[in-house]
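Here the structure comes first, spelled out in structure tokens, and everything after it is commentary.
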2 protein chains.
Amino acid sequence: MTSADPESADLYSIADLAREFGISTRAIRFYESKGLISPERLGATRVFRRRDRARLILILRGKRLGFSLRDISDYLALYDADRSQQVNLLAEKVDERLQLLEQQLADLQTTIAELREIRNLARERVISPS
Amino acid sequence: MTSADPESADLYSIADLAREFGISTRAIRFYESKGLISPERLGATRVFRRRDRARLILILRGKRLGFSLRDISDYLALYDADRSQQVNLLAEKVDERLQLLEQQLADLQTTIAELREIRNLARERVISPS
DNA sequence: TCACGGCTTTACGTTAGCGTCAAACAACTG
DNA sequence: CAGTTGTTTGACGCTAACGTAAAGCCGTGA
């Protein structure tokens with residue numbers, strides 16, 4: 001029973017989030033300009049809530065996965081789509097994206113396996129020189 | 001006993017490879033300009049062999065994984081390093097990259113799990129309307 | 001021979017994703 | 001009141017990864 005607010009509290013400044021996630025304020029503004037997040041305003045100043053912070057986490061994960069901001073934007077829409085979109089179309093889009101990700105997963109596993117092999121070969125050679 | 005040549009045959013033109021992998025000839029030339037592949041020449045014309053083709057496959061997989069050409073270049077060097085580089089330094093680099101990839105793998109698995117959940121929620125809603 | 005397709009290089013254009021000032025306002029501090 | 005700190009909105013700059021002509025060389029078939 002710590003909070004029963006309909007409006008989730010936890011307010012963050014742009015600098016708070018920049019610091020927490022190790023990105024620039026410029027980047028955050030840029031994401032907003034691309035519609036990936038839409039913080040409220042107190043006058044002109046951006047005020048971020050938990051929802052914005054959560055989206056930022058998804059954005060950064062998407063970036064680590066090598067997605068473009070456009071891709072990430074589509075991806076975020078899947079989360080919102082809960083109420084806003086037609087549900088059939090949603091399921092289709094999610095399936096599409098899942099296929100891509102599974103391809104990526106396969107690529108990744110192959111690559112990791114190859115690198116492990118390279119590393120092991122290197123190790124052998126160090127341990128037992130000719 | 002189909003082939004015992006020291007020089008592996010299988011010659012490809014730039015257009016062959018572009019067609020096979022669904023990329024532009026421009027892209028292939030660009031990769032060469034960045035040192036990712038170095039086909040032989042017959043006069044001025046590029047002649048690609050199996051080795052070049054294999055590297056191209058690695059390049060494209062790297063791209064699917066969201067790596068920059070610089071990253072991919074380093075990555076390719078790990079394959080060559082067999083003889084060229086110092087082996088200790090190699091093992092370090094491979095380990096670094098493996099850590100990145102494993103982080104990426106974790107991100108990917110999380111994302112896939114979330115998307116599956118979203119999809120299942122969507123399905124439920126379709127099957128059993130209020 | 002000449003038109004054609006395929007190859008080459010050179011070079012400028014484009015998009016994404018920010019970095020980096022610049023100029024201005026707002027609140028706090030000494 | 002002046003100075004500092006944090007915020008805002010432009011606006012220009014920059015790198016990566018090619019796209020897109022442009023213009024020329026080369027070999028082949030009719």
Side-chain angles (χ1 to χ4, degrees), chain A residues 10-49 52-53 55-77 97 100 104 107 111, chain B residues 10-49 52-53 55-77 97 100 104 107 111:
Chain A
D10 303 304
L11 305 181
Y12 309 93
S13 76
I14 191 169
D16 288 342
L17 294 183
R19 209 175 309 112
E20 174 172 4
F21 295 115
I23 60 182
S24 67
T25 59
R26 177 71 180 85
I28 295 179
R29 291 194 195 94
F30 187 72
Y31 299 154
E32 183 187 0
S33 80
K34 295 295 174 180
L36 300 189
I37 40 182
S38 18
E40 296 171 48
R41 298 290 181 134
L42 208 167
T45 303
R46 291 168 178 79
V47 177
F48 299 80
R49 292 176 186 274
D52 306 303
R53 188 171 166 284
R55 291 174 74 91
L56 201 45
I57 291 175
L58 291 179
I59 292 172
L60 296 179
R61 196 172 69 198
K63 295 208 58 185
R64 283 200 303 276
L65 290 174
F67 292 129
S68 70
L69 292 188
R70 270 207 61 73
D71 286 344
I72 294 174
S73 176
D74 296 351
Y75 178 67
L76 286 172
R97 185 145 293 268
L100 280 179
Q104 191 166 344
D107 282 340
T111 304
Chain B
D10 302 304
L11 305 181
Y12 310 93
S13 76
I14 190 169
D16 288 342
L17 294 183
R19 209 175 310 111
E20 172 173 4
F21 296 114
I23 60 181
S24 67
T25 60
R26 176 72 181 85
I28 295 180
R29 291 194 195 95
F30 186 72
Y31 299 155
E32 183 187 2
S33 80
K34 294 296 172 179
L36 300 189
I37 40 183
S38 19
E40 296 171 48
R41 298 289 179 136
L42 208 169
T45 302
R46 291 168 178 79
V47 177
F48 298 80
R49 292 176 184 274
D52 306 302
R53 188 170 166 284
R55 289 173 75 90
L56 200 45
I57 290 176
L58 291 179
I59 293 171
L60 296 178
R61 196 172 69 198
K63 295 207 56 183
R64 284 201 302 278
L65 291 174
F67 292 128
S68 72
L69 293 188
R70 269 207 62 73
D71 286 344
I72 294 173
S73 177
D74 296 351
Y75 179 66
L76 287 172
R97 185 145 295 267
L100 280 179
Q104 192 166 342
D107 282 339
T111 304

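Quick note on labels: first sequence line is chain A, next is B, and so on, each numbered from 1.
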Exercise for review: Please assess B/Arg55 against B/Leu36 for the test side chain to side chain contact (heavy atoms under 4.5 Å, CB included), listing each intermediate value before the final yes or no.
Suggested key: CA-CA 8 Å; B/Arg55 289 173 75 90; B/Leu36 300 189; 5.7 Å; no
Practice item. Carefully, step by step, assess B/Ile37 and B/Ile28 under the rule side chain to side chain contact (heavy atoms under 4.5 Å, CB included). Key: CA-CA 8 Å; B/Ile37 40 183; B/Ile28 295 180; 4.0 Å; yes
Exercise for review: Assess whether side chain to side chain contact (heavy atoms under 4.5 Å, CB included) is satisfied between B/Arg41 and B/Val47, documenting all intermediate values.
Suggested key: CA-CA 5 Å; B/Arg41 298 289 179 136; B/Val47 177; over 6 Å; no
Practice item. Please test B/Leu65 against A/Gln104 for side chain to side chain contact (heavy atoms under 4.5 Å, CB included), starting from the C-alpha separation and ending with a verdict. Key: CA-CA 6 Å; B/Leu65 291 174; A/Gln104 191 166 344; 3.7 Å; yes
Under 3.5 Å, which protein N or O atoms sit close to an N or O of nucleotides 24-29 of chain D? Give each pair with its distance.
none

Under 3.5 Å, which N/O atoms of the protein pair with N/O atoms of nucleotides 5-9 of chain D?
from  : atom 1 : to      : atom 2 : distance (Å)
D/dT7 : OP1    : A/Ser13 : OG     : 3.2
D/dT8 : OP1    : A/Arg46 : N      : 3.0
D/dT8 : OP1    : A/Arg46 : NH1    : 2.9
D/dT8 : OP2    : A/Arg29 : NE     : 3.2
D/dT8 : OP2    : A/Arg29 : NH2    : 2.7
D/dT8 : O5'    : A/Arg46 : NH1    : 3.2
D/dT9 : OP1    : A/Arg41 : NH1    : 3.1
D/dT9 : OP1    : A/Arg41 : NH2    : 3.2
D/dT9 : OP2    : A/Arg46 : NH1    : 2.9
D/dT9 : OP2    : A/Arg46 : NH2    : 2.6

Quick one: which protein N/O atoms are closer than 3.5 Å to N/O atoms of nucleotides 11-17 of chain C? Pair and distance per line, please.
from   : atom 1 : to      : atom 2 : distance (Å)
C/dG17 : OP1    : A/Leu69 : N      : 2.7

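Following rounding to the nearest Å, B/Arg64 (CZ) and D/dA17 (C1') show an atom-to-atom distance of 17 Å. Distance, B/Ile23 CD1 to D/dC18 P: 8 Å, rounded to whole Å.
How far CG of A/Leu76 is from CG of A/Asp71: 11.0 Å, rounded to the nearest 0.5 Å. If you take OG1 on B/Thr45 and CD1 on B/Ile14, they are separated by 10.0 Å, rounding to the nearest 0.5 Å. Taking CD1 from B/Ile57 and CZ from B/Arg61, the interatomic distance works out to 9.0 Å, rounded to the nearest 0.5 Å. From B/Thr25, atom OG1 reaches atom CZ of B/Phe30 across 13.5 Å, with rounding to the nearest 0.5 Å.
When side chains are defined from C-beta on, B/Glu32 counts as touching B/Pro39, because their heavy atoms get closer than 4.5 Å.
With hydrogens and angles ignored, the 3.5 Å screen pairs a side-chain donor or acceptor of B/Asp52 with a backbone N or O of B/Arg49.
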